[in-house]
Colleague: 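Dropping a structure here in structure tokens format, bear with me for questions.
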Amino acid sequence: MRELDGRISVSTWYQGAECAMSFTFDDGTKDHSLYVKPILEARKFKGTFFAVTGWLDSGQGNAGTWAMLQELDGLGHEIASHCVTHPALPQLPEGLDTTPGTARYELAHAKAEIEARLKKPVISLAYPFTARSEAVDALAGSYYLANRNGGLDADHPVWNPSHSPQWMNLTSFTPRFPAVRNSPKDDLPVLERTKSALESAIPQRGWAILMTHAVVPFAQLATYGGWETQSTEWFTDLCDWLQVKRNSGAMWIDTMGNVTRYIRERDAARLELSEATEKEIRFSLVDGLDRRIFNQPLSVAVQIPANWKRVHVDQPSQRPQTISLKRKSARTLWLQMVPGSGTVHIRRL
Ligand SMILES: [Zn+2]
């Protein structure tokens with residue numbers, strides 16, 4: 001919790017979860033729409049899809065289409081950037097936004113094209129081949145708010161911290177499968193290893209990120225190709241396990257973009273308390289951030305005085321509600337609010 005004053009705090013993670021977790025899918029392949037989408041949607045999970053814009057609609061290999069990404073975007077998934085041509089950025093000259101074959105072009109043009117198609121800001125990036133350098137980090141940071149890299153050592157997992165993560169070098173975990181896979185059973189040790197890597201984010205109160213490439217039915221693994229391709233059977237088992245973690249309140253599972261927004265809004269939020277009397281509390285949150293990008297609700301805990309049995313809560317653009325606080329332990333009122341969205345009014349009844 002980040003305490004703003006004696007009675008109002010912002011939860012470290014959304015809805016008081018103990019850690020955050022993001023699914024990420026690389027390369028914009030068609031299996032993401034065919035196989036990943038229904039598995040995520042059945043559990044109300046939203047993922048981040050890193051598109052290589054120059055490959056879309058190419059009909060080459062397993063390339064997906066803009067129409068597929070537009071549908072994923074409409075369902076609330078995040079469409080993010082994996083550059084235009086999937087280059088190793090440290091090997092390119094810095095160049096200009098408008099000069100193909102340069103690092104600036106790869107970063108700027110992919111972002112601009114996705115933004116033009118989807119009509120919303122693109123804030124997340126994944127370096128192709130997870131190839132980075134300090135110079136690339138500095139350049140990428142002028143276009144994007146966060147970059148996902150690899151790097152988690154599953155034997156000694158250290159997840160992204162809840163405060164001040166390395167924004168241009170976020171750690172992720174990639175499940176590595178055996179060279180010979182005769183039946184879905186051969187992948188089970190990797191499932192256990194993946195669960196334990198993700199679960200370690202809970203005691204660390206950190207942010208776990210899973211890196212996935214293609215996902216196809218086990219029977220298609222050999223013919224579909226791809227790098228560390230997961231089977232739909234394996235991915236479904238993992239999602240079933242994650243669903244239990246989510247439903248128990250241990251994990252907040254959301255897109256990389258929304259977790260990025262949450263951290264930045266939470267750490268920038270300031271309290272403006274306009275009234276705190278025997279009868280009412282009136283306050284707003286402000287953070288000075290750009291609302292076109294930062295629209296993620298924060299989970300705010302308000303301590304209600306012990307003698308207030310019922311309260312009326314009025315929040316901008318939400319239906320007013322009356323809440324009974326009969327039990328002594330239920331002295332905390334939880335609100336979801338976007339900073340800068342106006343004043344909350346809590347009145348004793
Ligand atoms: Zn890639």
Side-chain angles (χ1 to χ4, degrees), residues 10-26 32-33 35-50 72-80 123-124 126 145-150 152 154 157-163 165 167 170-175 190-213 215 230 232-266 294-299 334 336 338:
V10 183
S11 177
T12 301
W13 297 119
Y14 190 56
Q15 296 185 329
E18 295 168 74
C19 74
M21 186 268 160
S22 299
F23 289 101
T24 63
F25 302 90
D26 289 25
H32 296 159
S33 277
Y35 302 117
V36 171
K37 181 187 71 185
I39 298 171
L40 294 183
E41 282 297 307
R43 295 161 184 78
K44 296 191 165 63
F45 287 149
K46 302 300 170 188
T48 294
F49 292 85
F50 290 110
L72 287 167
D73 169 64
L75 290 167
H77 300 279
E78 177 185 22
I79 308 304
I123 63 170
S124 306
L145 293 178
N147 172 69
R148 190 223 60 208
N149 243 38
L152 187 88
V158 178
W159 280 114
N160 304 292
S162 61
H163 292 271
W167 285 114
L170 293 172
T171 296
S172 71
F173 176 68
T174 309
V190 187
L191 184 64
E192 292 315 308
R193 196 171 162 80
T194 304
K195 287 180 191 172
S196 103
L198 296 175
E199 193 163 35
S200 62
I202 298 174
Q204 294 175 23
R205 306 259 156 178
W207 176 16
I209 304 179
L210 182 70
M211 184 203 295
T212 296
H213 287 73
V215 182
Q230 298 173 10
T232 52
E233 293 87 340
W234 187 91
F235 187 67
T236 301
D237 285 348
L238 180 68
C239 285
D240 283 343
W241 179 81
L242 284 168
Q243 191 174 13
V244 173
K245 295 290 166 193
R246 189 266 314 273
N247 292 351
S248 73
M251 281 188 179
W252 170 39
I253 299 180
D254 209 331
T255 63
M256 211 175 112
N258 282 347
V259 177
T260 296
R261 290 179 176 94
Y262 193 96
I263 294 173
R264 291 180 182 241
E265 291 173 27
R266 179 199 66 204
F294 294 96
N295 51 11
Q296 164 66 36
L298 297 177
S299 294
W334 284 95
Q336 314 301 333
V338 178

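Quick caveat: nothing in here was measured; it's all calculated off a predicted structure.
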Colleague: Specify the closest pair of heavy atoms between T260 and A146, including all atoms of both residues, with the distance to one decimal.
Modeller: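 For T260 and A146, the tightest heavy-atom pair comes out as OG1-CB, 3.7 Å.
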Colleague: Looking at every heavy atom in both F173 and A154, which two are closest together, and how far apart are they?
Modeller: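 Smallest interatomic distance, heavy atoms only, reads CE1-CB, 3.5 Å.
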Colleague: Closest approach of N160 and P165, non-hydrogen atoms and distance?
Modeller: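 Closest approach of N160 to P165, heavy atoms only: CB-CB, 4.4 Å.
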Colleague: Please collect all salt bridge (Lys or Arg N to Asp or Glu O under 4.0 Å) contacts where either partner lies in residues 253-264, sequence neighbours excluded, each pair once.
Modeller: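 Pairs touching residues 253-264 that pass the test: none.
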Colleague: Got a donor-acceptor contact below 3.5 angstrom from the S172 side chain to the N149 backbone?
Modeller: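 Yes; judged by distance alone, with no hydrogens or angles, the pair exists.
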Colleague: State which residues pass side-chain contact (heavy atoms from CB on, under 4.5 Å) with S299; sequence neighbours excluded, sorted by chain then number.
Modeller: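 If we apply the side-chain contact (heavy atoms from CB on, under 4.5 Å) test to S299, skipping adjacent residues, the hits are S11, Y14, Q15, Y262, W334, Q336.
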Colleague: Are F25 and L40 close enough that some pair of their side-chain heavy atoms sits under 4.5 Å apart?
Modeller: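 F25 reaches L40 side chain to side chain.
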Colleague: Please round to the nearest 0.5 Å and tell me the distance separating atom CH2 of W13 and atom CE of M21.
Modeller: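 Atom-to-atom, W13:CH2 and M21:CE are 13.0 Å apart.
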Colleague: What is the minimum heavy-atom distance between E199 and P203, and which atoms define it?
Modeller: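 Closest approach of E199 to P203, heavy atoms only: O-CD, 3.4 Å.
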Colleague: Checking H77 now: which residues fulfil ring-ring contact (aromatic ring centres under 6.0 Å, His included) with it, not counting sequence neighbours?
Modeller: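 Only F49 meet the ring-ring contact (aromatic ring centres under 6.0 Å, His included) criterion with H77.
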Colleague: Taking all atoms of both residues into account, what is the closest heavy-atom pair of M211 and P175, and its distance?
Modeller: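 The answer is O-CD, 3.6 Å.
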Colleague: Checking D237 now: which residues fulfil salt bridge (charged side-chain N to carboxylate O under 4.0 Å, His left out) with it, not counting sequence neighbours?
Modeller: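 Per chain and number, D237 pairs via salt bridge (charged side-chain N to carboxylate O under 4.0 Å, His left out) with no residue.
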Colleague: Decide yes or no for H163 and R266: does some side-chain heavy atom of the first lie under 4.5 Å from some side-chain heavy atom of the second?
Modeller: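 SC-SC contact between H163 and R266 confirmed.
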Colleague: side-chain contact (heavy atoms from CB on, under 4.5 Å) between F294 and L145: does it pass, once the steps are laid out?
Modeller: CA-CA 11 Å; F294 294 96; L145 293 178; 3.7 Å; yes
Colleague: Mind checking side-chain hydrogen bond (donor to acceptor under 3.5 Å, both in side chains) for W234 and listing every partner two or more places apart, or none if nothing turns up?
Modeller: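 For W234 there are no side-chain hydrogen bond (donor to acceptor under 3.5 Å, both in side chains) partners, ignoring immediate neighbours.
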Colleague: Measure the spacing between CG of L198 and CZ of R193 and express it to the nearest 0.5 Å.
Modeller: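 The CG atom of L198 sits 12.0 Å away from the CZ atom of R193.
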Colleague: Who passes salt bridge (charged side-chain N to carboxylate O under 4.0 Å, His left out) against E18, sequence neighbours left out?
Modeller: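 If we apply the salt bridge (charged side-chain N to carboxylate O under 4.0 Å, His left out) test to E18, skipping adjacent residues, the hits are R205.
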Colleague: What residues, two or more places apart in sequence or in another chain, satisfy ring-ring contact (aromatic ring centres under 6.0 Å, His included) together with W159?
Modeller: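 If we apply the ring-ring contact (aromatic ring centres under 6.0 Å, His included) test to W159, skipping adjacent residues, there are no hits.
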Colleague: With sequence neighbours excluded, tell me which residues meet side-chain hydrogen bond (donor to acceptor under 3.5 Å, both in side chains) with Q230.
Modeller: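 Once residues adjacent in sequence are excluded, the partners of Q230 under the side-chain hydrogen bond (donor to acceptor under 3.5 Å, both in side chains) criterion are T212.
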Colleague: Answer yes or no: is there a donor N or O on one side and an acceptor on the other, between the side chain of T24 and the main chain of L210, under 3.5 Å?
Modeller: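 Yes; judged by distance alone, with no hydrogens or angles, the pair exists.
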Colleague: Among residues at least two apart in sequence or on other chains, which ones pass ring-ring contact (aromatic ring centres under 6.0 Å, His included) with F45?
Modeller: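 If we apply the ring-ring contact (aromatic ring centres under 6.0 Å, His included) test to F45, skipping adjacent residues, the hits are F23.
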Colleague: My understanding is that only residues two or more places apart in sequence, or in another chain, count here; which of them pass side-chain contact (heavy atoms from CB on, under 4.5 Å) with T236?
Modeller: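 Per chain and number, T236 pairs via side-chain contact (heavy atoms from CB on, under 4.5 Å) with I39, R43, D240.
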Colleague: Quick one: OG on S22 to CD1 on I253, what's the gap to the nearest 0.5 Å?
Modeller: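 These two atoms lie 9.0 Å from each other.
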Colleague: Would you give the length of the straight line joining atom CG of L170 to atom CG of N147, rounded to the nearest 0.5 angstrom?
Modeller: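 Going from the CG atom of L170 to the CG atom of N147 covers 7.0 Å.
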Colleague: State which residues pass salt bridge (charged side-chain N to carboxylate O under 4.0 Å, His left out) with D26; sequence neighbours excluded, sorted by chain then number.
Modeller: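 Scan of D26 (salt bridge (charged side-chain N to carboxylate O under 4.0 Å, His left out), adjacent residues dropped) gives R148.
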Colleague: Compare every heavy atom of I263 with every heavy atom of S162, then report the nearest pair and how far apart it is.
Modeller: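 Between these two residues, the closest heavy atoms are O-CG2, 3.8 Å.
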Colleague: Between the side chain of E78 and the main-chain N/O of T255, is any donor-acceptor distance below 3.5 Å?
Modeller: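 Absent.
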Colleague: Can you sort out the partners of E233 under salt bridge (charged side-chain N to carboxylate O under 4.0 Å, His left out), two or more places apart, ordered by chain and number?
Modeller: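 In terms of salt bridge (charged side-chain N to carboxylate O under 4.0 Å, His left out), with neighbours along the sequence ignored, E233 is linked to no residue.
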Colleague: Can you tell me how far apart CG (N258) and CD (E265) are? Round to the nearest 0.5 Å.
Modeller: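 Rounded to the nearest 0.5 Å, the CG-CD separation comes to 9.0 Å.
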Colleague: Rounded to the nearest 0.5 Å, what separation is found between the CH2 atom of W207 and the SG atom of C19?
Modeller: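 One finds 12.0 Å between CH2 of W207 and SG of C19.
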